[in-house]
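First up is the structure itself, then whatever we jot down about it.
Computed from a predicted structure; not experimentally measured. Whatever order the structure lists ligands and atoms in, that order sets their numbers, starting from 1.
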Amino acid sequence: MDMLKIENDISLKAFNTFGIDVKAAQFLTIQSVDSLKVLRQEGFLAKKMLILGGGSNLLFTNDFQGLVLYNSLKGVEIVGEDKHYIMIKAWGGESWCDFVDYTVKNNWGGLENLSLIPGTVGAAPVQNIGAYGAELKDCLYTLEAFNLETGEIKEFSNSLCAFGYRDSIFKNKEKGEWFVLNVTFCLDKNPNPRITYAPLNNILKNKIDVNIQEISATVKQIRRSKLPDPQELCNAGSFFKNPVLSQEQLNNLQNRRPNLPYYNLGNHQYKISAAWLIEKAGWKGYRNGQVGVNGKQPLVLVNFGGASGSDILNLSKQIQSSLFKKFGINLEREVRVV
Ligand code: FAD
Ligand code: EPU
């Protein structure tokens with residue numbers, strides 16, 4: 001039982017990027033797969049539980065009356081390679097941005113557009129992180145996950161993960177059932193730069209032979225120019241997902257709002273910009289007490305310091321009902337409320 005140093009009444013303030021000051025009744029740092037196995041054998045995993053990575057996609061609205069499993073599984077190893085590809089396994093508690101930086105430095109292509117996204121490797125598949133024209137699913141080969149109820153360790157192929165836009169089996173159908181232990185990526189030794197995403201293209205289009213180091217640096221530059229750094233201003237990135245509409249829904253909205261930005265996803269589906277809708281509804285830069293809507297990227301809700309999770313949740317609900325009234329659009333949350 002030595003590996004199970006469960007602490008009681010631990011403040012989670014430093015463990016979530018919204019900086020919400022709540023407590024966990026029990027808190028355990030997971031440093032090995034064996035500790036998960038022992039926990040299960042001892043019956044701990046039958047209780048209320050939360051897997052915690054970097055806390056950058058969570059909103060706590062209350063003290064957590066269960067056991068927090070804080071992922072600290074570390075390690076990065078090359079597990080295969082040939083002339084063209086390299087397979088790298090990263091353990092779930094590794095920092096996502098550090099891992100991306102490591103691959104970019106070695107000129108292994110695939111993850112560069114996902115530079116500077118906060119959080120852990122283990123959480124990245126949960127919502128299939130995406131940015132600047134790339135998604136995690138484009139490079140994920142397999143992952144291994146531990147079933148908290150049965151103790152099974154299962155290998156998930158890319159297709160078994162059921163990835164979608166900010167979605168996977170781990171966020172959806174089998175939410176909370178699996179602890180993602182490690183992820184294996186297939187990266188390209190002859191990188192194939194992807195710069196079609198407009199803001200990236202604007203900066204890099206005239207450069208000849210763009211390399212992935214330049215892409216990564218440019219993505220970081222754009223991100224820093226519009227997204228607040230949680231170390232300076234507490235936030236969890238986009239609070240809502242961009243709505244996906246049918247052709248008919250898009251046409252209806254365009255009749256009233258001809259300038260609405262949208263992106264054709266194929267299959268008669270269109271992604272529209274939630275930031276644009278929130279701005280047009282007058283929320284950009286809004287502040288009420290310690291909570292507000294970011295003035296550069298209105299999809300980002302912020303805690304100026306000392307706000308409660310309910311303050312942020314209430315603001316998010318006001319925005320949702322305002323957008324429904326104004327545009328008939330239901331904004332779906334991206335952030336998980338606990
Ligand atoms: P946490 O917030 O700790 O957890 C998120 C969810 O995943 C929870 O439900 C948790 O229980 C579950 N979970 C965590 N680890 C595991 C595991 N090992 N196994 C199973 N379940 C687990 N996201 C994007 O997609 N694109 C962006 O561009 C982006 N930009 C961001 C910018 C900022 C400034 C911030 C603060 C956030 C941004 N995000 C973005 C959101 C966030 O970074 C990602 O969702 C990230 O993957 C969350 O990782 P985490 O370790 O912090 O997860
Ligand atoms: N826009 C406005 N007003 C603003 C800002 C943006 O109208 O103040 C409109 C513009 O038309 C702009 C469009 O929104 O072209 C898109 O903005 P941006 O490029 O910032 O992207 P986003 O759709 O708001 C998404 C992701 C981000 C990801 C970026 C870059 C979602 C929910 N969010 O934001 O992911 O980093 O694209 O790819 O899909 C996150 O998930 O936490 C996150 C930050």
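Not a single heavy atom of K175 sits closer than 4.0 Å to an atom of ligand 1. Under a 4.0 angstrom heavy-atom cut-off, S238 registers as lying outside contact with ligand 1. At least one heavy atom of W178 sits closer than 4.0 Å to an atom of ligand 1. Contact between G92 and ligand 1 is absent, with no heavy atom of the residue lying under 4.0 Å from the ligand.
Contacts between V126 and ligand 1 below 4.0 angstrom, taking non-hydrogen atoms only, involve the side chain exclusively.
By the criterion of side-chain heavy atoms lying less than 4.5 angstrom apart, applied directly or through intervening Ile, Leu, Val, Met, Phe, Trp or Tyr residues, M49 is grouped together with V38 in one hydrophobic cluster.
Of the possible polar contacts, none joining the N192 side chain to the R194 backbone as a donor-acceptor pair under 3.5 Å is found. A donor-acceptor pair under 3.5 Å is absent between the side-chain atoms of S216 and the main chain of Q213, judged by distance alone.
Taking any N or O of I117, backbone or side chain, none lies under 3.5 Å from an N or O belonging to ligand 1.
In the candidate list T120, L58, L59, T120 is nearest to atom 51 (O) of ligand 1, counting heavy atoms. When A124, A131, P118 are ranked by how near their heavy atoms come to atom 46 (C) of ligand 1, first place goes to P118.
Close approach of ligand 1 to G119 is summarised as follows: ligand atoms under 4.0 Å from at least one heavy atom of the residue are 49 (O), 50 (P), 51 (O), 52 (O). Under a 4.0 Å criterion applied to the non-hydrogen atoms of G53, ligand 1 contributes the atoms 3 (O), 51 (O). Listed by number with element, the atoms of ligand 1 under 4.0 angstrom from any heavy atom of F179 are 19 (N). If you number the atoms of ligand 1 from 1 as listed, the ones under 4.0 Å from a heavy atom of R223 come out as 27 (C), 28 (O), 29 (C), 30 (N), 31 (C), 32 (C). Interface atoms of ligand 1 facing P228, defined by a heavy-atom separation under 4.0 Å, are 34 (C).
Cluster partners of Y165, using a side-chain heavy-atom cutoff of under 4.5 Å among ILVMFWY residues and allowing indirect links, are V244, Y263, L265.
Every pair passing ring pair (Phe, Tyr, Trp, His ring centres under 6.0 Å) that includes a residue from residues 122-141 is listed here, sequence neighbours excluded: Y132-Y197.
When the ring pair (Phe, Tyr, Trp, His ring centres under 6.0 Å) test is applied to Y262, the partners found at least two apart in sequence or on another chain are Y270.
Residue-level contacts of ligand 2 at the 4.0 Å heavy-atom threshold are A131, Y132, Y165, R166, Y197, R223, K226, G237, S238, F240, K241, N242, P261, S273, A275, W276, E279, K284, K296, Q297, P298, L299, E334.
Applying side chain to side chain donor-acceptor pair (under 3.5 Å) to Q127 and the options E135, K241, K171 leaves one that passes, K171.
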